[in-house]
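Working notes, beginning with the structure itself.
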Amino acid sequence: MSQRQILVTSALPYANGHIHIGHLVEYLQTDIWVRFQKLRGHRCIYVCADDTHGTAIMIGAGQQGIDEETLIARMQKDHVDDFSGFGIEFDNYGSTNSPENRALCEEIWAAIRKAGLVVEKEVTQLFDAEAGTFLADRQVKGTCPKCGATDQYGDNCDKCGATYGPADLIDPRSAFTGTTPEVRTASHLFIEIERLHEFLAEWTCSDDHLQSEVANYLAGHFLHEPLRDWDVSRPAPYFGFEIPDSPGNYWYVWFDAPIGYMASTRQWCDRHGEQFDDWWRSDQTEIHHFLGKDITYFHTLFWPAMLKTAGFSLPTKVHIHGFLTVGGEKMSKSKGTFVRAATYLEHLDPSYLRYYYASKLNPRVDDIDLNLDEFITKINSDLVGKVVNLASRTAKFVEKTGLAIKYPDDGGLFQQAADEGQAIADAYEQCDYNRAMRRIMAIADRANQFVEHAQPWVLRKDPDKAQELQGICTIGLNLFRQIAVYLAPVLPRLAEQTSELLGKPIVDWDESQTPLVGTPVGKFKHMMTRVEKKQVDAMIEASMKTEDNGAAESAVPYSDSGQPLADDPLAEICSFDDFLKVDLRIARIVEAKDVPKADKLLQLTLSLGGDRRLNVFAGIKAGYQPEELVGRLVLCVANLAPRKMKFGLSEGMIVASGPGGKEIFLLSPDDGAQPGQRAH
RNA sequence: GGGCCCGUAGCUCAGCGGUGAGAGCAGGGGACUCAUAAUCCCUUGGUCGGUGGUUCGAAUCCUCCCGGGCCUACCA
């Protein structure tokens, strides 16, 4: 097998938030792949960095009263700690706010300029003077100029479907401060990526650079029509690198972020006396990017276009994974399933998550689900019950004698498992860890059957059978070690413990091909403890309490996030008389049923006490089951003008909060309230 | 509206043109006691979402339909 030279990256985590178990899918997927390549004897380096630029960092720093450099330095430290806690080993972990990155941005920019791909265009944007920043379309809300619907984003109206620019909104408000933004025109620099259309159409479909579903996605969404110019500059003030030949303009964060892969490589090269061009301008080096489906197009269209234009190597493969769900649902802060890496580490062993993710990951873009009950049984039965147990049930019988000098006849078991090595390696190579784990567990099953039938605990009682006992345990421990080698990319800690027990380090995949004989056996120590449900519960409980307020760490007891208010700023002043026009009443839901043809609606019958009933269609289907609603008290707008809907007449509204989707929270009165009472 | 992915045992998934459809976990029965109540043996359980087609033969390929998820809706 010839030695490959491989450069691997994971997407750069953004410096405005902590690492959580969703991020870890990617970093663990990548780390396992890298460890696998290294174990196979390839030259492989894994680089990453914090992504530090952009408006969000600027705003975040402002809110905390610190400068951007302080914010990103703090967050970088937290990120590095989290990664190392999970055994994720980078060869270099840099920052996009580094001199190396600036230099590379300038180099690539110069090449794009030289290729004549840059054009300048005027862009009119809203500017938040209080926050000191330009606002993206989605960072502005206001009233739709077509239909008058309130609270619409700056790009289109989801009531009437009209599209417009943020400056067209009536009464626009900044999402950050709620202030009225001013209109400013600035000139932006664009890259005419369409000029590379043909190249991209070819590249995305060839040589297995992309998973087939990703290539299809690009072909159907972007490449079927001319590519739009890419706006790569932002006017000051902006936290980032100023564009040398365009003073007052900064590179958009998505321009310099992927270049961070290169900058991180350069730092590594400088530390190791390596040539940068051997990694980024060489046919001999494979480049593998791992990233989530949300940032597909930056990495499969813009990034190859930038590399191509600047004369660097193109990615060998872009590996795109799906999102993490927990218990089949999106991670939720309120349900405690939005678990930070640091919180996880306070309660559980990182090996558990490494193995669990490995057992679920496949080469497709599918989302993967973390089912907490399955998590517990999988760890306990696979890792503790099957794998570690093999060592646990044989090692102590040979503590004194060590392994046999000659490997005994095991009926072909070791050879069979050695032969599996290639299939397991292929599965790792293709990121089909699920398949690899299944094959490895099958070896563990066969090994346990062997020990069971050989009955070392019986042999132990007969001094004449000492040699046979040693032979049995030599087989058992060798099968165990073989599994530890195959699992080493996933469970590096187990590999170390195995090395310690048997006195021989596991540094090469080929250790799985030859049995170990004649070495001493150390005293067996537990290698992994069982997971208890209460540990998992405690983690969820703790996550529920953890305020994830981005980078903001507050000492205030109720450190509620400012995000909801920022997303939806306060409305204008309303007079008391105006308020009284709205007749809010306590109501009891006496009937609730699904509206089969509606995506969002449930049909409710509200009782205001006595015989008074209201028929209401409420857009809460995603958050509530009809049966759980019947009987509960809610707050309703009882005098709302009836509205004729496709499904019938709606005679009021019930009051709820939340951003929408599944996150809808109905209001309930305290005990004692009665239907029909007015709220004011 | 468009696109992509998925729908196989209670759960998580494998099989993706060819002997009677599989694994792990869960459930039931038994064995063992070396081991972290681990392990081993036996066992229950499935009209492979539905329909139509291609084929000597389909869970596996194609049509349509139903259901779930994600991404989009002129926006990167």
Side-chain angles (χ1 to χ4, degrees), chain A residues 136-138 153-156 158 161 163 165 190-191 193 211-232 252-254 292-298 301-302 320-323 325 327-330 356 359-362 364-398 427 432 434-442 444-461 469 472-473 476 480 524-532:
Chain A
D137 294 355
R138 287 255 152 180
Y153 284 117
D155 48 0
N156 65 53
D158 56 34
T163 58
F190 291 76
I191 295 177
I193 192 176
Q211 290 128 297
S212 58
E213 63 256 53
V214 176
N216 290 342
Y217 161 76
L218 294 172
H221 274 274
F222 301 103
L223 295 167
H224 71 290
E225 59 181 7
L227 295 161
R228 279 163 236 286
D229 296 346
W230 183 31
D231 183 354
V232 288
Y252 173 48
V253 55
W254 267 109
K293 62 185 182 184
D294 52 330
I295 53 176
T296 295
Y297 107 129
F298 292 105
L301 296 177
F302 295 148
I320 297 174
H321 61 80
F323 295 147
T325 55
E329 295 177 355
K330 264 186 169 170
Y356 184 80
S359 78
K360 305 292 276 191
L361 280 165
N362 61 42
R364 275 168 280 137
V365 189
D366 303 350
D367 290 349
I368 71 166
D369 186 49
L370 167 57
N371 177 299
L372 295 170
D373 292 324
E374 189 198 19
F375 174 82
I376 295 169
T377 59
K378 223 176 184 62
I379 300 308
N380 288 345
S381 79
D382 288 3
L383 292 185
V384 182
K386 281 180 191 169
V387 176
V388 172
N389 187 227
L390 263 177
S392 176
R393 66 194 308 202
T394 50
K396 74 177 204 179
F397 297 139
V398 283
D432 202 348
N434 161 275
R435 178 197 297 265
M437 295 308 108
R438 269 185 292 113
R439 299 193 94 117
I440 295 168
M441 287 310 135
D445 283 338
R446 290 195 293 270
N448 273 306
Q449 286 163 26
F450 169 80
V451 174
E452 192 72 22
H453 293 133
Q455 304 191 338
W457 55 93
V458 174
L459 299 175
R460 175 182 62 150
K461 291 172 184 160
L469 174 65
I472 296 302
C473 294
F480 166 70
F524 181 79
K525 289 179 276 196
H526 277 191
M527 295 175 166
M528 205 175 283
T529 53
R530 302 174 67 72
V531 195
E532 302 286 340

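Residue numbers begin at 1 in each chain, while the letters A, B, ... track the order of the sequences.
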I'd like a list of close polar pairs between nucleotides 3-8 of chain B and the protein, N/O only, cut-off under 3.5 Å.
{"from": "B:rC5", "atom 1": "O2'", "to": "A:Asp366", "atom 2": "OD1", "distance (Å)": "2.8"}

Touch class at under 4.0 angstrom, heavy-atom based, for A:Phe298 against every strand present: sugar-phosphate
Partners meeting side-chain contact (heavy atoms from CB on, under 4.5 Å) with A:Arg446 (sequence neighbours left out): A:Leu413, A:Gln416, A:Glu420, A:Ala442, A:Ile443
Nearest-nucleotide pick for A:Lys360, side chain only, options being B:rC34, B:rG69, B:rU12: B:rU12
Sugar-phosphate, base or nothing in reach of A:Val365, heavy atoms under 4.0 Å: nothing
Base-contact (B) and sugar-phosphate-only (S) positions in nucleotides 23-31 of chain B, heavy-atom cut-off under 4.0 Å, - elsewhere: -SS------
Nucleotide nearest A:Lys293 when distance is taken to its side chain, options B:rC70, B:rC40, B:rU36: B:rC70
Test item: A:Asn362 and A:Asp432 side chains (from C-beta on) under 4.5 Å apart, heavy atoms: yes
Side-chain N,O (A:Arg530) to OP1/OP2 (B:rA38) below 4.0 Å: yes
Touch class at under 4.0 angstrom, heavy-atom based, for A:Met441 against every strand present: nothing
Nucleotide nearest A:Asn434 (side chain, heavy atoms from C-beta), chosen from B:rU36, B:rU39, B:rA14: B:rA14
Given B:rU36, B:rC34, B:rA38, the nucleotide with the shortest approach to the side chain of A:Asn389: B:rA38
A:Asn389 side-chain N/O to A:Val384 backbone N/O, donor-acceptor pair under 3.5 Å: no
Ring geometry between A:Trp254 and A:Phe298 (parallel below 30°, tilted from 30 to 60°, perpendicular above 60°): parallel
Whether A:Thr394 side chain and A:Leu390 backbone form a donor-acceptor pair below 3.5 Å: yes
Face-to-face contact A:His526 to B:rU36 six-ring, under 5.5 Å, under 30°: yes
Partners meeting side-chain contact (heavy atoms from CB on, under 4.5 Å) with A:Ser381 (sequence neighbours left out): none
RNA chain B: stems of at least 3 consecutive Watson-Crick or G-U pairs whose donor-acceptor distances fall under 3.5 Å: B:1-7 with B:66-72, B:10-13 with B:22-25, B:27-31 with B:39-43
Salt bridge (Lys or Arg N to Asp or Glu O under 4.0 Å) involving A:Asp294 - partner list, sequence neighbours excluded: none
Sugar-phosphate only, base, or nothing, as touched by A:Phe222 at under 4.0 Å among non-hydrogen atoms: base
Close side-chain approach of A:Gln211 and A:His321, heavy atoms under 4.5 Å: no
Touch class at under 4.0 angstrom, heavy-atom based, for A:Val388 against every strand present: base
Sidechain N-carboxylate O distance under 4.0 Å for A:Asp369, A:Lys360: no
Among B:rC34, B:rC13, B:rU36, the one nearest A:Val384 by side-chain distance: B:rU36
A:Tyr356 and A:Phe375 aromatic ring geometry - parallel, tilted or perpendicular at 30°/60° bounds: perpendicular
5' precedence on RNA chain B between A:Lys525 and A:Asp369 (nearest-nucleotide basis): A:Asp369
Donor-acceptor pair, side chain of A:Asp366 and main chain of A:Gly322, under 3.5 angstrom: no
